Amino acid sequence: MIKKISIEDLIPGMYVHDLNCGWMEHPFLSNTFLVDGKARIAKIRSLGVRELYIDTERGLDLPYAPTAEEVEEHLQQQMDALAEERDQPVESISMDALNEEAPRARKLHSEANQLIHNLMRDIRMGLQVEIERVDPLTESMIDSIFLNQSAMLPLTALKRHDTYTFEHCVSACALMIAFARKLGMSRQIIRDLALGALMHDVGKARIPDSILNKPGPLTDMEFARMKQHAMYSVEILEKSPNISSISVQIAAQHHERFDGSGYPKKLKNDNLSIYGKMASIVDVYDAISSNRVYHRGLRPSEALKKLLEWSEFHFEPRLVHSFIRAIGIYPSGSLVRLESGRLAVVRDQNENNLLRPTVIVIYHIHKMQYLPPVPIDLASGADKIVSYEDFSRWKIDPVPWLPA
């Protein structure tokens with residue numbers, strides 16, 4: 001049986017099933033292992049782990065600890081409660097508007113990836129970042145997401161192992177814009193946040209590829225070197241004329257944590273800016289929902305629940321709640337199963353009813369065959385979502401079903 005326990009309750013003889021720190025590289029060969037002594041516990045604690053999962057069939061038990069199933073049920077209840085919360089009414093946007101914006105969003109997404117690739121190449125050559133090269137693109141991304149975020153946000157799931165660092169920066173930028181918009185921030189602040197998110201990881205240009213793309217666990221020395229990238233990013237951005245303090249805060253604080261367990265300065269709560277707190281949420285969500293060299297990404301739904309779970313210690317809860325409402329309980333581009341036995345891809349959010357987005361029906365589970373794609377606004381009551389699904393489980397390529 002898998003149970004969730006506090007780090008304070010971990011003792012030698014227990015078997016770790018999941019370290020529950022999916023946002024960070026760590027020096028252990030695996031997430032699963034037998035705790036063989038107090039030194040191992042101290043090392044786990046040093047990572048900032050506050051809660052983790054144990055396997056009671058392979059090690060000692062903690063009788064009163066909740067099971068993984070009970071934790072999952074509680075998190076689902078929180079998600080359902082979030083879906084019931086109502087923000088200010090928003091103007092609905094037609095599917096035609098989404099389809100019109102999709103080609104521009106794809107073009108901008110591609111251009112942004114190339115821009116970050118070029119910026120990191122320049123940094124490796126010792127050249128200075130020129131904000132003037134970045135400004136027009138971020139302004140266009142803001143325009144696109146304000147028009148219809150469902151045209152660009154699904155593209156954040158499309159990453160390749162060899163270009164992950166660049167694509168992660170672009171995804172963080174798009175997610176940050178949607179997040180800040182939901183919080184009602186001004187256009188100027190959103191612009192500064194977008195710039196900071198787009199360039200938050202430029203310091204990785206100073207990290208050797210042997211560490212950056214290592215397929216296995218990092219050594220203690222490699223882990224320490226990897227963590228230096230945040231301060232490298234700050235150094236690079238501070239040398240750039242016309243950079244705002246908000247943009248620099250994004251780079252400086254995206255690995256800090258609400259409880260002080262992050263890095264590089266172990267800042268906590270009131271010592272963190274709201275922008276840094278937002279950046280940590282965006283950075284982690286994109287990291288854990290992306291396929292990497294060393295792990296398979298979580299489905300968007302699972303990633304959002306992890307943010308909820310970790311918000312007890314590592315992230316500010318109210319901001320996590322706002323982020324989830326910003327991208328949707330069922331994020332655009334994700335695969336869901338309908339009550340009718342069909343699979344559908346979420347196309348657009350119904351911001352006044354997050355449990356009933358607009359979807360494109362594509363596959364019949366019982367007949368095991370593709371269907372002519374049909375858009376359905378689930379707010380009409382024609383069908384409803386019963387579960388999240390995984391594209392790989394059904395051997396479905398997600399790319400053809402994204403807005404084009």
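Keep in mind that this is a model prediction, so the values were computed, not measured.
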### Task
Starting at OG1 of Thr165, measure out to CG of Asn213 and round the result to the nearest 0.5 Å.
6.0 Å
### Query
Do Met1 and Thr67 have side chains that get closer than 4.5 Å, going by heavy atoms?
yes
### Task
Could you check if a side-chain atom of Val129 sits within less than 4.5 angstrom of a side-chain atom of Ile123, using non-hydrogen atoms only?
yes
### Task
Report the C-alpha distance between Arg58 and Thr32 in whole Å, list the side-chain angles of each, state the deciding distance to 0.1 Å, and finish with yes or no for side-chain contact (heavy atoms from CB on, under 4.5 Å).
CA-CA 11 Å; Arg58 305 177 73 176; Thr32 63; 5.5 Å; no
### Query
Should Lys107 and Glu111 count as an ion pair when the cut-off is N to O under 4.0 Å?
yes
### Task
Starting from the C-alpha separation in whole Å, work towards a yes-or-no answer on side chain to side chain donor-acceptor pair (under 3.5 Å) for His255 and Ser280.
CA-CA 6 Å; His255 279 295; Ser280 69; over 6 Å; no
### Task
Flag the pair Leu198 / Val170 as yes when at least one side-chain heavy-atom distance between them is below 4.5 Å, and no otherwise.
yes
### Check: Ile177 and Phe146 side chains under 4.5 Å, non-hydrogen atoms
yes
### Summary
Arg356 meets the salt bridge (charged side-chain N to carboxylate O under 4.0 Å, His left out) criterion, sequence neighbours left out, with none
#### Entry: Asp143 vs Arg187, salt bridge (Lys or Arg N to Asp or Glu O under 4.0 Å): CA-CA, chis, key distance, verdict
CA-CA 10 Å; Asp143 288 339; Arg187 175 82 183 211; 2.8 Å; yes
#### Entry: Close aromatic pair by centroid cut-off 6.0 Å: Tyr15 and Phe33
no
### Message
Would you say that Val16 contacts Asn31 through its side chain, given a criterion of any heavy-atom pair below 4.5 Å between the two side chains?
### Response
no
### Query
Think Arg299 forms a cation-pi with Tyr388, using NZ or CZ under 6.0 Å from the six-ring centre and within 45 degrees of its axis?
no
### Message
Checking Arg225 now: which residues fulfil salt bridge (charged side-chain N to carboxylate O under 4.0 Å, His left out) with it, not counting sequence neighbours?
### Response
none
### Task
For the residue pair Trp394 and Tyr363, categorise the inter-ring angle as parallel (less than 30°), tilted (30 to 60°) or perpendicular (more than 60°).
tilted
### Message
I want to check something: taking the side chain as every heavy atom from C-beta on, are Val386 and Leu338 in contact at a cut-off of under 4.5 Å?
### Response
no
### Query
In Å and rounded to the nearest 0.5 Å, what is the CG to CD1 distance from Leu195 to Ile142?
7.5 Å
## Note on the structure
Here the gap from His321 atom NE2 to Leu307 atom CG, rounded to the nearest 0.5 Å, amounts to 10.5 Å
### Query
Rounded to the nearest 0.5 Å, what separation is found between the CD atom of Glu167 and the OG atom of Ser290?
9.0 Å
## Note on the structure
In this structure, CG of Leu304 is separated from CG of Leu298 (nearest 0.5 Å) by 10.0 Å
### Query
Is a salt bridge present between Lys3 and Asp55, judged by a nitrogen-to-oxygen distance below 4.0 Å?
no
### For Leu52 against Asp18, the heavy-atom pair lying closest together
CB-O, 3.5 Å
### Query
Of the options Met278, Met176, Met199, which is the one that meets Ile250 in a side chain to side chain contact (heavy atoms under 4.5 Å, CB included)?
Met176
### Query
Please, which pairs that meet salt bridge (charged side-chain N to carboxylate O under 4.0 Å, His left out) have at least one residue in residues 270-285, sequence neighbours excluded?
Lys277-Glu316
### For Met14 against Leu62, the heavy-atom pair lying closest together
CE-CB, 4.2 Å
### Query
Under 3.5 Å, is there a donor-acceptor pair between the side chain of Thr156 and the main chain of Met152?
no
### Query
Under the side-chain contact (heavy atoms from CB on, under 4.5 Å) criterion, do Ile281 and Leu175 qualify, and how do the steps go?
CA-CA 10 Å; Ile281 292 168; Leu175 291 165; over 6 Å; no
### Query
Any salt bridge between Asp122 and Arg133, counting N to O under 4.0 Å?
yes
### Task
Tell me, please, which residues at least two apart from Lys265 pass salt bridge (charged side-chain N to carboxylate O under 4.0 Å, His left out).
none
### Salt bridge Glu72-Lys4, side-chain N to carboxylate O under 4.0 Å
no
### Query
Are Asp192 and Ser247 linked by a side-chain donor-acceptor pair shorter than 3.5 Å?
no
#### Entry: Closest heavy-atom pair and its distance - Ile131, Pro241
CG1-O, 3.5 Å
### Message
Classify the ring geometry of Phe323 against Phe179: parallel below 30°, tilted from 30° to 60°, perpendicular beyond 60°.
### Response
perpendicular
### Message
Can you confirm whether the side chains of His200 and Ser233 place a donor and an acceptor under 3.5 Å from each other?
### Response
no
### Message
Under a 3.5 Å cutoff, is there a donor and acceptor pairing between the side chains of Ser273 and Gln249?
### Response
yes
### Query
Taking the six-membered ring where the residue is Trp, are the ring centres of Phe166 and His117 under 6.0 Å apart?
yes
### Query
salt bridge (charged side-chain N to carboxylate O under 4.0 Å, His left out): which pairs involve residues 243-263, sequence neighbours left out?
Arg50-Asp259
### Task
Establish, from distance only, whether the side-chain atoms of Asp348 and Ser150 form a donor-acceptor pair under 3.5 Å.
yes
### Query
Closest heavy-atom contact between Pro154 and Ser332?
CG-O, 3.5 Å
### Query
Do Leu308 and Pro317 come within less than 4.5 Å of each other through their side chains, counting heavy atoms only?
no
### Message
What I want to check is whether the side chains of His74 and Gln78 have a donor and an acceptor closer together than 3.5 Å.
### Response
yes
#### Entry: Any donor-acceptor N/O pair, Trp401 side chain to Val361 backbone, under 3.5 Å
no
### Message
Under a 4.0 Å threshold between the charged nitrogen and the carboxylate oxygen, would Asp220 count as salt-bridged to Lys43?
### Response
yes
### Query
Of the non-hydrogen atoms in Asn271 and Gln253, which two are nearest, and what is the gap between them?
O-NE2, 4.5 Å
### Query
Is any side-chain heavy atom of Arg191 closer than 4.5 Å to a side-chain heavy atom of Asp135?
yes
### Task
Take Ile365 and Leu343 through the test side-chain contact (heavy atoms from CB on, under 4.5 Å) and record every step on the way to the result.
CA-CA 7 Å; Ile365 293 173; Leu343 297 180; 3.7 Å; yes
### Message
If you take the centroid of each ring, where Trp contributes its six-membered ring, are Phe315 and Phe258 closer together than 6.0 Å?
### Response
no
### Task
Give, for atom NZ of Lys227 and atom CD of Glu222, the distance between the pair rounded to the nearest 0.5 Å.
13.5 Å
### Query
If we ignore angles and hydrogens, is there a donor and acceptor under 3.5 Å between the side chains of Asn148 and Glu100?
no
### Query
Closest approach of Glu51 and Val49, non-hydrogen atoms and distance?
O-CG1, 3.5 Å
### Query
Between Arg106 and Glu101, is there a salt bridge with N-O shorter than 4.0 Å?
no
### Query
Which residues pass the side chain to side chain donor-acceptor pair (under 3.5 Å) test with Lys266, sequence neighbours left out?
none
### Worked verdict on Ser240 versus Glu130 for side-chain contact (heavy atoms from CB on, under 4.5 Å)
CA-CA 6 Å; Ser240 305; Glu130 298 175 356; over 6 Å; no
### Message
Assess whether a salt bridge exists between Glu389 and Arg393, defined as any Lys/Arg side-chain N lying under 4.0 Å from an Asp/Glu carboxylate O.
### Response
yes
